[in-house]
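For clarity, every value in this text was computed on a predicted model and none was experimentally measured. Lettering follows sequence order; numbering is per chain, from 1.
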Amino acid sequence: MKPSERFKKRYIAFLLSVGGAPPNPAEAKQLVHEHFLSFFGESGVSSLAFKLIRYDVLDGKGLVRCERSRVDETIFCMACLSEWKGKKARMEPITTSGTIRRAV
Amino acid sequence: MAENLAKPDGLDSLAPAQSLKNFSEIANAASARNAIKRKGALLHSSSYEIEDGVLLELAARGGAVLFSFSDVLHERGFRRGIILSKMRLLLSAARKRKCGFAVCTLAKKPEELRNARELTAFAAVLGFSDVERKDAERRMGELVRA
């Protein structure tokens, strides 16, 4: 496949906290995947080209990938997170970029 | 309360809805008719069902319909889908009647506040075009200061 035929990507850096502190990597991965799956559904996640690229437990910063035309939906999905397993949770988008290097 | 809250990124200021003279939370058609008598009224209905006549009157008086992020945040799953759908229908009705519209958080707790980028994304998901979004930002600034 030519590079021009691949889906166009955007990377969104975010700040994650559960109960006021960054969750551990396993919890963060489960939270992000469950929340996106609940919001978009299986078909939506596939067309979104969603992927959790990285997550740093020290500061709670992470990076997700999505399809270029659906950045707003992805940010809205992040903003809709308010609670997880009975604790207050927040996934705040920080920056959006076309490359991983510039997003982090 | 707004003085004690940390201002989210990208917002010029926080304005509690209760402190705005032109803000009205409407429950039914009668209260909506009373609310739109004020020039530049900001109307919010948690059911997102506003009659066409009210929208026409609101447009004539330079007011705006508010879409609240808190209403989305308080719902889960299927109910969240329904409230988004109702918001989109009201947006389309407001656009047809040339009535103003804007997004806000109407947050009752600090954790319900959202930054400017998130509100922009909310507007885009509802179906605001770029021109409408900028117009909504300008209108919101004017009406809040009024």
Handout entry: Leading residue by heavy atom contact count with chain A [cutoff under 4.5 Å; candidates Ala121(B), Gly77(B), Gly81(B)]
Key = Ala121(B)

Problem - Spatial distance of atom CD1 (Ile75(A)) from atom CD1 (Ile12(A)) [nearest 0.5 Å] - result: 4.5 Å

Practice task
For Ser82(A) and Arg76(B), test the side chains for any donor-to-acceptor distance below 3.5 angstrom and give the result as yes or no.
Solution key: yes

Completion exercise
Note: vs chain B, highest number of non-hydrogen pairs under 4.5 angstrom among Glu73(A), Arg90(A), Met78(A) is Arg90(A)

Handout entry: Segment of Leu84(B) engaging chain A (4.5 angstrom heavy-atom cut-off)
Key = side chain

Handout entry: Ser47(A) and Arg70(A) side chains, donor-acceptor separation under 3.5 Å
Key = yes

Problem - Side-chain touch Phe122(B)/Phe128(B), heavy atoms, less than 4.5 angstrom - result: no

